[in-house]
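Contents: one structure, followed by commentary.
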Amino acid sequence: MNNEIEPILIGESQDIDQGSVENFEHEEVDYAIYHLKSGFFATQGHCSCDEQAFLNEGAIEDDELECASCGRIFNIVSGDSISDPEAHPLKIYNVTEEEGKLFLNF
């Protein structure tokens with residue numbers, strides 16, 4: 001039995017501007033895909049706050065994201081909450097780039 005999950009095609013790397021975050025949905029689950037100076041990253045698509053705000057509506061500065069709803073600041077690479085250490089971290093996912101295409105890996 002093969003327990004590996006095949007990587008999911010997100011799209012073309014050129015379609016996500018550096019310094020931005022895009023929403024990506026797969027099988028009714030939302031993910032946030034980030035293009036930072038250091039590469040491509042992915043987290044869960046909604047903030048861990050009560051409002052469950054879409055993270056693609058937040059503001060990015062360097063490798064940090066501020067939730068547009070609750071104002072919490074998260075480290076995009078680690079998922080850790082910087083502004084509220086008691087807050088649940090964001091779930092992170094691995095993103096790979098092959099021949100200009102981005103893949104979400106589980």
Side-chain angles (χ1 to χ4, degrees):
M1 185 169 136
N2 184 357
N3 289 336
E4 285 188 38
I5 298 174
E6 290 292 317
I8 310 290
L9 176 64
I10 297 169
E12 302 287 327
S13 59
Q14 67 186 11
D15 293 340
I16 303 177
D17 295 331
Q18 187 172 319
S20 69
V21 55
E22 299 290 333
N23 189 62
F24 174 73
E25 182 183 338
H26 177 71
E27 295 184 354
E28 298 183 18
V29 177
D30 290 302
Y31 303 91
I33 311 298
Y34 308 86
H35 184 182
L36 306 179
K37 286 181 184 178
S38 56
F40 292 94
F41 299 88
T43 67
Q44 66 196 51
H46 297 270
C47 184
S48 56
C49 64
D50 292 337
E51 293 83 9
Q52 295 286 298
F54 279 100
L55 293 175
N56 68 318
E57 297 174 357
I60 294 178
E61 186 172 330
D62 297 323
D63 63 351
E64 297 177 358
L65 172 82
E66 181 177 358
C67 174
S69 183
C70 70
R72 285 187 186 139
I73 299 172
F74 294 93
N75 180 287
I76 294 167
V77 178
S78 69
D80 294 332
S81 174
I82 296 168
S83 61
D84 181 3
E86 299 297 317
H88 291 286
L90 299 176
K91 186 169 183 177
I92 58 172
Y93 301 91
N94 184 33
V95 175
T96 54
E97 183 179 11
E98 295 177 25
E99 298 179 1
K101 297 186 184 315
L102 296 176
F103 295 90
L104 183 65
N105 302 277
F106 298 92

Please step through salt bridge (Lys or Arg N to Asp or Glu O under 4.0 Å) for the pair E66 and R72, ending with a clear verdict.
CA-CA 6 Å; E66 181 177 358; R72 285 187 186 139; over 6 Å; no
Inter-residue atom distance [X].[atom1] - [Y].[atom2], 0.5 Å rounding:
X: K37; Y: D63; atom1: NZ; atom2: CG; answer: 10.5 Å
X: N105; Y: E6; atom1: CG; atom2: CD; answer: 10.0 Å
X: C67; Y: H46; atom1: SG; atom2: NE2; answer: 11.0 Å
X: D15; Y: H35; atom1: CG; atom2: NE2; answer: 11.5 Å
X: L65; Y: S81; atom1: CG; atom2: OG; answer: 11.0 Å

Are [X] and [Y] connected, step by step, through hydrophobic side chains (Ile, Leu, Val, Met, Phe, Trp, Tyr) whose heavy atoms are closer than 4.5 Å?
X: V95; Y: I8; answer: yes
X: I5; Y: V29; answer: yes
X: L36; Y: I33; answer: no
X: L55; Y: V77; answer: yes

Is it the case that the side chain of [X] and the backbone of [Y] share a donor-acceptor pair, with hydrogens and angles ignored and the cut-off at 3.5 Å?
X: D17; Y: S20; result: no
X: S13; Y: G100; result: yes
X: Q44; Y: K91; result: yes

If we only count heavy atoms from C-beta on, is the [X] to [Y] side-chain gap below 4.5 Å?
X: E64; Y: I82; answer: yes
X: Y31; Y: I10; answer: no
X: T43; Y: Y34; answer: yes

Around atom CD of E61, are there more than 12 heavy atoms of other residues, nucleotides or ligands at under 6.0 Å?
no
Taking all non-hydrogen atoms of both residues into account, name the closest pair between [X] and [Y] and its distance.
X: V21; Y: G58; value: CG1-O, 4.5 Å
X: C47; Y: L90; value: CA-CD2, 4.4 Å
X: G79; Y: F74; value: O-CD2, 3.6 Å

From F106, F24, F103, F41, residue fulfilling ring-ring contact (aromatic ring centres under 6.0 Å, His included) relative to Y93
F106
